[in-house]
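What follows is a short report on a single structure.
On a predicted model such as this, the values are computed, not experimentally measured, just so you know.
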Amino acid sequence: MHPLVSDLSGLSDEELNRKYNDLTKKYNQAYRFGPSGVLPQIQMILENYRAEMDRRNRKFMEEMDKKNDDFKGIIDIQ
């Protein structure tokens, strides 16, 4: 967790995606300007956003799995 990032669970999916995309653009701009101390900080924040999006996607998939009984007897061979 980056210390300057507030709780992301309060954001809507749209807000989360928009902020993630904006931060990705800023990261790319900073990368183009050359060596910068801000890049690791932005990467840490991006990881927080990705973790929140992954958590939401996992929760969504679990909810969908509970609703759909068609795949209960299938063995997962990942």
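- Atom OH of Tyr31 and atom CG of Leu39 lie 8.5 Å apart (nearest 0.5 Å).
- Tyr20 pairs with exactly one of Lys25, Glu52, Glu15, Arg50 by the side chain to side chain donor-acceptor pair (under 3.5 Å) rule, that one being Arg50.
- The distance from the CD atom of Gln41 to the CD atom of Gln43 is 10.0 Å, given to the nearest 0.5 Å.
- In Glu63, the CD atom is crowded: over 12 heavy atoms of neighbouring residues, nucleotides or ligands sit closer than 6.0 Å.
- Rounding to the nearest 0.5 Å places CZ of Arg56 at 7.0 Å from OG of Ser12.
- One finds the OH atom of Tyr49 at 11.0 Å from the CG atom of Asn17 (value rounded to the nearest 0.5 Å).
- From Leu46, atom CG reaches atom NZ of Lys26 across 11.0 Å, with rounding to the nearest 0.5 Å.
- Looking only at side-chain heavy atoms (C-beta outward), Met53 and Leu8 stay at 4.5 Å or farther from each other.
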